[in-house]
Undergrad: 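Submitted below is the structure of interest, expressed as structure tokens.
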There are 2 protein chains.
Amino acid sequence: MRDRVYIDEIGQHEGKEVTLEGWLAGRRSSGKILFLQFRDGTGFIQCVGSRADIGDEPFEAADTLPLESSLRVTGTVRADARAPGGYELSLTGFEIVHGAEEYPISRKEHGTAFLMDHRHLWIRSPRQFATLRIRATVIAAARNYFDSRGYTLVDTPILTPNSVEGTTTLFETSYFNESAYLSQSGQLYNEATAMALGKVYCFGPAFRAEKSKTRRHLIEFWQIEPEIAYADLDDIMDIQEELVCEMVERVLETRATELGILERDADALKRVVAPFQRITYTEAVDKLNEAGHAFEWGGDLGAEDETVLANMFDRPFLVHRYPRSVKPFYMEDDPHDARVTLSVDMLAPEGYGEIVGGGQRAMDLDTLEQRMRDENLPIEDYQWYLDLRRYGSVPHGGFGLGIERFVTWVCGLPHIRETTAFPRMLSRLRP
Amino acid sequence: MRDRVYIDEIGQHEGKEVTLEGWLAGRRSSGKILFLQFRDGTGFIQCVGSRADIGDEPFEAADTLPLESSLRVTGTVRADARAPGGYELSLTGFEIVHGAEEYPISRKEHGTAFLMDHRHLWIRSPRQFATLRIRATVIAAARNYFDSRGYTLVDTPILTPNSVEGTTTLFETSYFNESAYLSQSGQLYNEATAMALGKVYCFGPAFRAEKSKTRRHLIEFWQIEPEIAYADLDDIMDIQEELVCEMVERVLETRATELGILERDADALKRVVAPFQRITYTEAVDKLNEAGHAFEWGGDLGAEDETVLANMFDRPFLVHRYPRSVKPFYMEDDPHDARVTLSVDMLAPEGYGEIVGGGQRAMDLDTLEQRMRDENLPIEDYQWYLDLRRYGSVPHGGFGLGIERFVTWVCGLPHIRETTAFPRMLSRLRP
């Protein structure tokens with residue numbers, strides 16, 4: 001593969017003449033000097049050239065070239081402290097690869113619907129570029145966390161024969177002669193693979209056919225879900241904390257330019273260091289009521305409750321031991337308090353709310369069977385899952401971290417929709 | 001998180017007493033000495049204890065404990081050259097965490113249907129353990145290849161509004177008030193993200209509702225698909241070659257134990273070094289006919305043809321420039337021969353066949369539109385895709401590598417079904 005020079009490593013070529021391949025992202029000219037904003041997908045750089053440097057005809061051509069035309073620019077790399085990336089290019093020439101039609105996205109304000117309809121082009125804009133690069137870093141950091149600690153990635157199936165949480169929010173499809181549903185979580189399968197491979201994680205898309213339009217929900221989203229054999233609730237909390245610290249640290253280390261483009265307050269992220277506060281659900285309820293936000297013990301924390309709570313903390317925090325009534329059948333009971341479970345969610349500060357949910361799983365076969373009967377769950381369909389309690393049951397637990405919610409918080413975005421290239425929402429299946 | 005000792009790093013504890021947490025994988029006893037095969041999800045180790053060492057009662061208990069019971073074993077780590085992992089444990093005691101029911105999978109031969117019905121338990125067996133660990137290594141190696149070379153991971157949508165390749169092999173679902181289909185490839189979306197981010201890849205599940213039962217097909221499979229702006233067919237071939245070499249190298253480096261469990265011929269993998277032979281489709285057809293395997297120029301290479309061809313090579317090889325008739329509309333024409341396209345597949349040796357498919361994409365708007373009209377494709381639905389040729393079109397290309405096919409070959413398996421934890425096949429949606 002031939003060597004190419006990219007903007008995100010342009011510093012290595014200071015003082016040298018290079019050729020960059022990319023697109024025209026912006027332009028201004030004084031009639032004598034041309035300033036081209038140039039992007040190559042790894043960053044943005046300003047190219048400066050005088051009429052004398054590049055010649056009259058090319059100068060005029062560049063001065064009228066539509067935005068997003070593709071071109072190769074050649075010039076000398078100069079350090080410039082005022083430039084966003086620290087460098088600019090003294091232009092000596094360029095080659096037009098393809099002259100674009102008039103580009104539909106301009107500097108003027110466009111409505112969200114217009115931008116979403118042009119999402120395939122909108123992602124070329126600096127803020128979208130920055131968000132998607134941070135998303136990739138977040139995912140790589142999470143994977144590296146698990147890979148470097150002996151976890152085995154085991155992909156769990158997307159097409160599943162049934163769901164323990166009811167079918168109302170499931171997408172259904174015809175699987176030859178039967179019905180299949182798109183997975184909302186790999187967790188039950190993870191429990192099987194954790195008994196085979198000790199420490200596992202899955203990472204894939206999940207689907208919720210929810211008719212809700214909120215700034216926190218996507219129909220299609222990505223989750224990373226570890227599951228650990230021989231682990232208890234405290235282990236699960238430790239892992240959540242360590243993982244989230246490492247993910248944020250990686251973003252701070254490698255994505256300063258992108259955080260700058262987003263004007264994200266990096267100090268808020270620098271506060272994300274262990275230990276995180278760990279409060280019980282009961283303590284969380286007390287905090288809400290003390291703050292004048294009426295909340296009755298036993299209910300689930302809704303988006304508004306989480307926002308109030310999440311505004312009280314300067315870094316992520318853990319809420320553990322939720323009531324039995326608001327958690328699924330597979331959560332282990334707290335042996336010291338039968339009303340609550342060994343569950344734990346992590347909430348992001350600055351009002352963002354839940355980014356992680358998990359806990360310790362019920363270990364005993366009879367308890368689990370009884371609970372499934374109490375909740376009228378299709379016990380016959382879950383014999384394979386119950387087998388995990390028949391053949392070498394062990395204390396175990398895990399959690400799920402929603403990538404898009406995490407990125408929304410890390411990037412400081414008002415809405416989740418920009419955290420993925422082609423979001424799927426209630427009225428949005430295109431492009 | 002508390003420090004734990006795992007079998008795959010047991011060598012660090014030679015001579016020390018450790019406690020391992022796991023399951024009973026096998027057992028034999030002389031009445032005086034007990035040999036426990038113990039597994040913890042990261043490996044297998046033999047634990048040896050005499051009646052004197054561990055006491056009469058525990059000895060008897062261990063001697064009758066059902067397989068796959070969960071237990072903690074304590075003992076001293078001893079190097080033993082005859083042991084599969086190089087170490088064994090001199091048992092000083094153990095604690096039964098959960099006594100299993102009689103385990104359904106025994107050493108006797110079980111039929112595939114029985115094992116697949118018990119897939120949630122079967123994955124605990126050494127060969128399945130080894131295959132899934134190698135799969136995880138293969139995936140990590142591919143991701144690291146791209147992450148370390150400046151590619152941005154951009155997840156493409158699974159729920160899509162339509163397909164250019166017809167809907168006969170698509171899973172359909174109701175997306176609120178319209179139809180959606182499960183993606184078979186992220187490629188078209190990748191082309192959009194490559195224009196925004198330069199070098200990208202997606203990695204996710206793909207779905208083919210094919211009524212074929214072959215040893216090479218799964219209904220649900222995972223694909224890694226890079227796409228590169230400003231790249232031509234030669235670049236694409238170079239990247240495929242370098243990627244596959246690195247993936248195989250990583251397996252050889254870190255999964256020797258697992259290859260040993262599978263009795264995979266490591267020499268066959270050690271031959272996987274660049275350069276790979278690059279032959280045209282036309283040369284491939286000649287080779288087939290010379291070998292007495294009649295094949296007419298213009299047809300697609302089927303599984304049988306690939307097998308014949310793939311038995312002629314001792315390492316992966318590239319077949320490029322397939323006829324226009326057997327490749328999709330978005331493949332670029334060869335400027336030197338209008339009958340063929342700038343496409344390239346990689347075939348694995350030892351009879352395995354196609355593991356990678358890709359090529360250079362058509363760059364010109366008019367050509368692409370004409371071709372869509374010729375093939376009666378729903379041109380209106382693909383205006384967003386055609387926009388990529390209206391606004392800064394560039395030479396670009398990419399490919400898809402099927403993870404399960406790759407793992408089948410690397411592990412030397414006769415059938416693709418064991419390369420994923422819970423395979424989805426024509427008559428298999430469970431567990």
Side-chain angles (χ1 to χ4, degrees), chain A residues 1 6 21 23 40-42 68-70 97-98 100-101 103 120-121 123-124 129 132-133 136 139-140 147 150 152-155 157-159 161 171-173 175 178 180 189 192-193 196-198 204-205 220 222 229-230 235 238-239 384 387 390-394 420-422 424 429-431, chain B residues 1 6 21 23 40-42 68-70 97-98 100-101 103 120-121 123-124 129 132-133 136 139-140 147 150 152-155 157-159 161 171-173 175 178 180 189 192-193 196-198 204-205 220 222 229-230 235 238-239 384 387 390-394 420-422 424 429-431:
Chain A
M1 184 71 193
Y6 285 98
E21 301 179 301
W23 296 264
D40 72 352
T42 74
E68 287 302 321
S69 291
S70 44
V97 177
H98 174 245
E101 298 179 17
Y103 194 59
H120 54 293
L121 302 175
I123 53 176
R124 303 181 181 187
F129 160 88
L132 292 175
R133 297 253 293 182
I139 291 171
D147 287 348
T152 301
L153 168 74
V154 188
D155 300 305
I158 307 300
L159 292 168
F171 286 104
E172 184 177 350
T173 189
Y175 192 90
E178 55 186 321
Y189 289 101
T193 62
L197 294 144
E220 178 177 323
W222 284 69
Y230 287 100
D235 296 327
D238 291 348
I239 298 165
W384 70 267
D387 274 356
R390 293 188 180 103
Y391 307 109
S393 192
V394 304
T420 187
F422 295 96
R424 294 299 178 239
L429 177 63
R430 293 182 167 77
Chain B
M1 185 70 194
Y6 286 97
E21 301 179 301
W23 296 265
D40 71 353
T42 74
E68 285 302 321
S69 293
S70 44
V97 176
H98 174 246
E101 297 179 17
Y103 194 61
H120 55 294
L121 302 176
I123 53 175
R124 303 179 181 188
F129 158 90
L132 292 175
R133 298 253 292 181
I139 291 171
D147 287 347
T152 301
L153 167 74
V154 188
D155 301 304
I158 307 299
L159 291 168
F171 286 104
E172 183 177 352
T173 189
Y175 191 89
E178 54 185 323
Y189 289 101
T193 63
L197 294 144
E220 179 178 322
W222 285 68
Y230 288 99
D235 295 327
D238 289 347
I239 297 165
W384 70 268
D387 273 356
R390 291 187 182 103
Y391 307 109
S393 192
V394 304
T420 187
F422 295 97
R424 296 297 180 241
L429 178 63
R430 295 182 166 75

Undergrad: So which atom in B:A180 and which in B:Y175 form the shortest heavy-atom distance, rounded to 0.1 Å?
TA: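 Residues B:A180 and B:Y175, closest heavy atoms: CB-CB, 3.7 Å.
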
Undergrad: What part of A:L132 gets closer than 4.5 Å to chain B, counting heavy atoms only: side chain, backbone, both or neither?
TA: both

Undergrad: Is A:T193 close to chain B through its backbone or its side chain, or both, or neither, when contacts mean heavy atoms under 4.5 Å?
TA: both

Undergrad: Could you report the tightest heavy-atom contact between B:L429 and A:E178, atom names first, then the distance?
TA: CD2-CD, 3.7 Å

Undergrad: So for B:S393, is it side chain, backbone, both, or neither that comes closer than 4.5 Å to the heavy atoms of chain A?
TA: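 Interface part for B:S393: both.
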
Undergrad: Where do A:W384 and B:P431 come nearest, in terms of heavy atoms and distance?
TA: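 The pair with the smallest heavy-atom distance is CG-CB, 3.6 Å.
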
Undergrad: Heavy-atom cut-off 4.5 Å, strictly under: side chain, backbone, both or neither for A:V154 against chain B?
TA: side chain

Undergrad: Does any heavy atom of chain B fall under 4.5 Å from the side chain of A:P157, the backbone, both, or neither of them?
TA: both

Undergrad: As an exercise: rank B:A192, B:A421, B:G392 by heavy-atom pairs under 4.5 Å with chain A and give me the winner.
TA: B:G392

Undergrad: Looking at every heavy atom in both A:P161 and A:Y189, which two are closest together, and how far apart are they?
TA: CD-OH, 3.9 Å

Undergrad: Between B:A100, B:P205, B:A196, B:G198, who has the most heavy-atom pairs with chain A when the cutoff is under 4.5 Å?
TA: B:A196

Undergrad: Do B:R133 side-chain atoms and A:L197 backbone N/O form a donor-acceptor pair below 3.5 Å?
TA: no

Undergrad: What option among B:I158, B:D147, B:I139, B:D40 has the most heavy-atom pairs under 4.5 Å with chain A?
TA: B:I158

Undergrad: Looking at A:T173 and B:T173, would you say the former's side chain and the latter's main chain have a donor-acceptor pair under 3.5 Å?
TA: no

Undergrad: Tell me the closest heavy-atom pair linking A:Y103 and A:L121, and the distance in Å.
TA: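 That closest heavy-atom pairing would be OH-O, 3.2 Å.
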
Undergrad: Against chain B, label A:E220 side chain, backbone, both or neither, depending on which of its atoms sit under 4.5 Å from a heavy atom there.
TA: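 Contact with chain B: side chain only.
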
